[in-house]
Amino acid sequence: MGRRWSVAPWKGRMVVSSESERFIADINTDFPEWYQDVVRKADLAESSPVAGCMTIKPYGYALWENMVRVLDDAFKETGHENLYFPALIPESYLQKEADHVEGFAPECAYVTHGGGKELEERLVFRPTSETIIWQTYARWIESYRDLPLLYNQWANIMRWERRPRLFLRTREFLWQEGHTAHGTREEAMEETMTIVNLYRSFVRDVLALPVFMGRKSEMERFAGAVETFAIEAMMKDRKAIQAGTSHFLGQNFAKAFDVTFQNEKGEREYVWGTSWGVSTRLVGTVIMGHGDEKGLSFPPKVAPIQVVIVPIYRDDTRDRVLGAAHELAKDLKAAGIRVKVDERDQLKPGFKFNDWEMRGVPLRMELGPKDLDKEQCVVAERVSGAKSPLPLAGIADALVARLAATQKAMYEAAETFREANTKEVDSYDDLKALMDEGGFGLAHWCEGSTCELTVKNDTTATIRCIPEELEGAGKCVVCGADSPGRVVFAKAY
RNA sequence: CGGGGCGUAGCGCAGCCUGGUUAGCGCGACUGCUUUGGGAGCAGUAGGUCGUUGGUUCGAAUCCAAUCGCCCCGACCA
């Protein structure tokens, strides 16, 4: 898998491989390789001895943890409680909902032996927990007084994917899955929408990425759901990624697992359900949504390290500079900033600059003896590359403000990028051309599966979602029939 | 599951076609000295069942077969 690097002509020699190994592939010409490079070289994760599974390393896990913290608070604020169901599910449970089993059976992993003996009934390692949860809810729910049930769990999931990629599609991954039960259709639908809107705000305000939010077509719907809603973000290669889903389950699982309650009038009714989730795929979403030719670029709100201090010293100034760096770090920490002092003694500052840029740290502080003499430091921004001196007095407040500005700038850049690569198209030829060059195509669709499939076969692009804001009469771009609105077409992860 | 590429030191590679001393190189690691404001230099040290199994041969990293794994494209799929 050798990589060739172009010769820098003025140097008059080949850039040797030892040098180029420090660099990453070109994001514009070799996106998949770029992705692998940044994940590996930034120490986010690596693949494991078991195909398709990954070891998440501390820097990558910290990113996930930051997302988990914000989301978990948001779930609790909206009235949800956490609990935990086991990973192993009796095979027979999975069989009870017809669409569900059809959707998940091909990618299930089974436990067949335990204690040295073959099990009487195989156990499925959960590909999602609807079945075991609804089986249990049947016992937990008796009356309208037990409703709503607003539960969430943080768990690992196993789906035997055929083509795994770190964070984007792994056989084992981490996620949260909310499973709620309600007394009325309206209430369950409201819950579905509350969560998908929560996901949208999270991705916008915390991950700094704009999304399209909308209904899924019947073809793209979750196995067992009546309606699926999703948020779709654009990656730097102009492909779409589904960043979160929220499902209105209707009474499908209640009927499959006989989950009923007595209403105020004493009548038995089936309960209404929802389920919703986001996963470690969000890490991949951030990587591909913000990365550039220099590597990763993390929004301050989730960056494991928000400010890195690179001390610059010689032997005779080491103690002075390092001492000042640690004092500053203490101040920044007190101001709530996630800060790190890069004390690696054997590396030159220049190397560290590039290293932390590749690893996506939003702000870098350079601190040397000359700065200390002037009671200042030099602050460099990852996104703009701009470097400027800042007085040490009041530095914590100044950096808090810069982090906020960076968060905003990153969202705006992502939005500009998405706008530039999103087009309304009104002919099938235009749609095919756009899907070929990459980007989101907003086109009218008659809601027929035949037309949807035609597009998929011709372009490999799919309908990512059907946003409410694109409603309005028109003619289907494929067949010319009446269309209730535009939908988002794109190639997707 | 189909097409293509690849498994040699922690990482990146050469060697294989045309079998033959002790399997090389760069980076990294370790030790020492000099360095340190945009990817440091010199000297020395350690590090390998050549993915695995079987076969051909006096002799296999090299030839043959099988097998496992990784990457890309496609099919399938959150």
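First the proteins, then the strands, lettered A, B, ... as listed; each starts at 1. Below, each value reflects all heavy atoms present in this structure, side chains not excepted, and no hydrogens, waters or symmetry copies.
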Would you mind telling me which of B/G38, B/G37, B/U36 lies closest to the side-chain atoms of A/N354?
->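 So the side chain of A/N354 is nearest to B/G38.
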
Name the closest nucleotide to the A/R318 side chain, picking from B/G37, B/G38, B/U36.
->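 Between B/G37, B/G38, B/U36, the one nearest the side chain of A/R318 would be B/U36.
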
[atom1]-based separation of [M] from [N] [nearest Å]:
N	M	atom1	answer
B/C25	B/A43	P	14 Å
B/A9	B/G26	P	16 Å
B/U52	B/A61	C1'	14 Å
B/G38	B/U45	P	34 Å
B/U8	B/U62	P	14 Å
B/A14	B/C6	C1'	15 Å
B/A23	B/U18	P	24 Å
B/A29	B/A66	P	43 Å

If you draw a 6.0 Å radius around CD in A/E375, do more than 12 non-hydrogen atoms from other residues or ligands fall strictly inside?
-> no

Is the [X]-[Y] ring centre distance short of 6.0 angstrom?
X	Y	result
A/W64	A/F167	no
A/F222	A/H247	yes
A/F253	A/H100	yes

A/R165 to A/Y35 six-membered ring, cation-pi geometry met (6.0 Å, 45°) |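 Relative to the ring axis of A/Y35, which defines the angle, A/R165 lies inside both limits.
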
With a 3.5 Å cut-off and just heavy-atom distances, do the side chain of [X] and the base of [N] make a donor-acceptor pair?
X	N	value
A/E357	B/G39	no
A/K387	B/G38	yes
A/D371	B/G37	yes

Need one value for [X]: base, sugar-phosphate or nothing, where a base atom within 4.0 Å counts as base even if backbone is also close, heavy atoms only.
X	result
A/K352	nothing
A/R171	nothing
A/R364	base
A/Y493	base
A/E107	sugar-phosphate
A/P369	base

Please walk me through it: do A/K491 and A/D237 pass salt bridge (Lys or Arg N to Asp or Glu O under 4.0 Å)?
-> CA-CA 10 Å; A/K491 294 186 184 179; A/D237 61 353; over 6 Å; no

Closest nucleotide of RNA chain B for A/G368 versus for A/F104: which of these residues is on the 5' side?
->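 It is A/G368 whose nearest nucleotide is closer to the 5' end.
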
More 5' along RNA chain B: A/V378 or A/E220, using each one's nearest nucleotide?
->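 Here A/V378 is the residue nearer the 5' end.
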
Rounded to whole angstroms, how far apart are [atom1] on [X] and [atom2] on [N]?
X	N	atom1	atom2	result
A/L322	B/G37	CG	C1'	15 Å
A/D315	B/C33	CG	P	10 Å
A/R314	B/C33	CZ	P	18 Å
A/K57	B/G10	NZ	C1'	11 Å
A/D355	B/G28	CG	P	13 Å
A/Q346	B/A29	CD	C1'	11 Å
A/D345	B/A40	CG	C1'	13 Å
A/R40	B/G28	CZ	C1'	13 Å

So which nucleotide does [N] pair with, by the Watson-Crick or G-U wobble rule with both distances under 3.5 Å?
N	value
B/G26	B/C11
B/U49	none
B/U35	none
B/C63	B/G55
B/C1	B/G74
B/U21	none

Is the distance from OP1 or OP2 of B/U35 to the nearest side-chain N or O of A/K348 less than 4.0 Å?
->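 For A/K348, the contact criterion (side-chain N or O under 4.0 Å from OP1 or OP2 of B/U35) is not met.
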
List the atom pairs, donor and acceptor, that lie under 3.5 Å between side-chain atoms in residues 206-216 of chain A and the rest of the protein, sequence neighbours left out.
| unit_1 | atom_1 | unit_2 | atom_2 | d |
| --- | --- | --- | --- | --- |
| A/K216 | NZ | A/E232 | OE2 | 2.8 |
| A/K216 | NZ | A/Q242 | OE1 | 3.1 |
| A/K216 | NZ | A/R464 | O | 2.7 |

So, the side chain of A/N421 versus the backbone of A/R418: is there a donor-acceptor pair under 3.5 Å, distance only?
->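 Answer holds: no.
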
Is any NZ, NE, NH1 or NH2 atom of the basic residue among A/R364 and A/D355 found under 4.0 Å from an Asp or Glu carboxylate oxygen of the other?
-> no

What nitrogen or oxygen pairs link the protein and nucleotides 73-75 of chain B at under 3.5 Å?
| unit_1 | atom_1 | unit_2 | atom_2 | d |
| --- | --- | --- | --- | --- |
| B/C73 | OP2 | A/R163 | NH2 | 2.1 |

Sort and list the pairs that fulfil side chain to side chain donor-acceptor pair (under 3.5 Å) and have at least one residue in residues 382-395 of chain A, not counting sequence neighbours.
-> A/D292-A/R382, A/E366-A/K387, A/E381-A/S384, A/S388-A/R402

